[in-house]
Amino acid sequence: MWKYFRRAFLATVRLPLVGRVPFNVIFVALVFAAGVRWRAVWMFGAWLEAAYLLLLAGSPRFQKVVDAEELERQRADPHLQRQRLIDQLDPPSRARLTQIQNKCDNAVNIARGHGQEEFALQSQRDGLDRLTWLYLKLLLAGQLLSAQGRTTSAVALRAQCEQLETDLRSPGLAETVRQAKQETLRILGRRLELHDRRVQALAEIEADLDRIEAEVDLAVEHATLGPAGARPAGEVRLATAMLESELFGDSQSTVEALDRMYEK
């Protein structure tokens with residue numbers, strides 16, 4: 001609620017030849033100045049200001065405008081966009097990301113301590129940023145796939161398929177019932193295929209996470225060698241293709257925007 005009061009207090013109005021003017025701030029300043037001479041003005045002005053703030057900040061329409069402006073500002077700020085994705089991670093995944101980010105910072109700090117030139121440091125920092133971005137995407141994708149898999153038991157699906165196959169071998173089965181069971185068996189088979197693909201994707205994601213961790217450890221070790229050991233980081237070919245699909249749901253547009261930024 002505080003952000004609505006703050007936005008209401010700092011609200012502006014556009015005037016011809018002047019531009020946007022913080023009318024409420026000017027009003028408060030005038031009330032304060034007038035109250036120095038006439039103390040009653042302070043009480044009257046405070047009452048008006050409180051009524052104004054309560055009415056405007058409590059307006060659903062005004063709150064929607066403020067929320068829309070904040071969302072637009074977040075979309076324009078890649079750091080805020082990235083933080084929104086980080087906030088979606090569960091605590092263990094967030095701890096893994098923090099650990100890898102700390103190692104990246106350590107690599108840059110070690111290289112700086114060895115007197116590496118600034119342009120080389122920036123190149124190293126950009127490469128490590130790309131690695132941590134890939135790491136974040138992998139963690140988020142793994143979390144989403146794991147959540148989807150919790151509703152599917154491969155053992156239960158296979159048991160249902162076996163039971164349906166047994167039923168279909170029954171000679172006295174009515175044709176309409178047989179067709180229904182065949183269709184159910186086809187659907188369960190498709191679900192099993194998707195389950196196996198999800199398991200494979202999770203294994204690929206974990207392998208890619210290990211590769212990035214090894215790459216970051218290597219960057220730290222190279223940094224300890226000084227300028228002679230400098231090497232670019234960030235060039236990792238991922239095993240999983242799941243990151244190229246529409247996997248991230250409501251966050252898909254945010255992920256794509258950050259992808260474009262890190263590809264530059």
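Computed over heavy atoms, backbone and side chain alike; hydrogens, waters and symmetry mates excluded.
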Answer yes if [X] and [Y] sit in the same cluster of Ile, Leu, Val, Met, Phe, Trp and Tyr residues linked by side chain heavy atoms under 4.5 Å apart, and no otherwise.
| X | Y | result |
| --- | --- | --- |
| Leu164 | Leu192 | yes |
| Ile86 | Leu144 | yes |
| Val199 | Leu194 | no |
| Leu140 | Leu202 | yes |
| Leu157 | Ile187 | no |

- Item | Residue pairs fulfilling salt bridge (Lys or Arg N to Asp or Glu O under 4.0 Å) with at least one residue in residues 92-102, sequence neighbours excluded | Arg96-Glu206, Arg96-Glu213
- Among residues two or more places apart or on two chains, list those pairs meeting salt bridge (Lys or Arg N to Asp or Glu O under 4.0 Å) that have a residue in residues 158-171. Arg158-Asp196, Asp167-Lys181
- Item | Under 3.5 Å: donor-acceptor pair, side chain of Gln143, backbone of Asp90 | yes
- Is a donor on one side and an acceptor on the other found under 3.5 Å between the side chain of Asn102 and the backbone of Thr98? yes
Minimum heavy-atom distance between [X] and [Y], given as atom pair plus value:
| X | Y | answer |
| --- | --- | --- |
| Arg178 | Pro171 | NH2-O, 4.5 Å |
| Ile110 | Ala223 | CG2-O, 3.5 Å |
| Leu145 | Ala201 | CD1-CB, 3.9 Å |
| Val177 | Leu173 | CG1-CD1, 3.7 Å |
| Cys104 | Leu128 | O-CD1, 3.6 Å |
| Ile205 | Leu138 | CG2-O, 3.4 Å |

- Please assess Glu183 against Gln179 for the test side-chain hydrogen bond (donor to acceptor under 3.5 Å, both in side chains), listing each intermediate value before the final yes or no. CA-CA 6 Å; Glu183 182 62 17; Gln179 291 177 357; over 6 Å; no
- Message: Run Arg125 and Arg112 through side chain to side chain contact (heavy atoms under 4.5 Å, CB included) and show every step you take.
- Response: CA-CA 11 Å; Arg125 188 182 297 111; Arg112 181 182 290 110; 2.9 Å; yes
- Message: Is any side-chain heavy atom of Leu188 closer than 4.5 Å to one of Thr184?
- Response: yes
- Message: A side-chain contact here means heavy atoms from C-beta on lying under 4.5 Å apart; do Leu89 and Leu136 qualify?
- Response: yes
- Message: Can you tell whether the side chains of Asp87 and Arg84 come within less than 4.0 Å, N to carboxylate O?
- Response: no
- Item | Full working for side chain to side chain contact (heavy atoms under 4.5 Å, CB included) between Leu131 and Lys103 | CA-CA 11 Å; Leu131 283 180; Lys103 288 183 178 181; over 6 Å; no
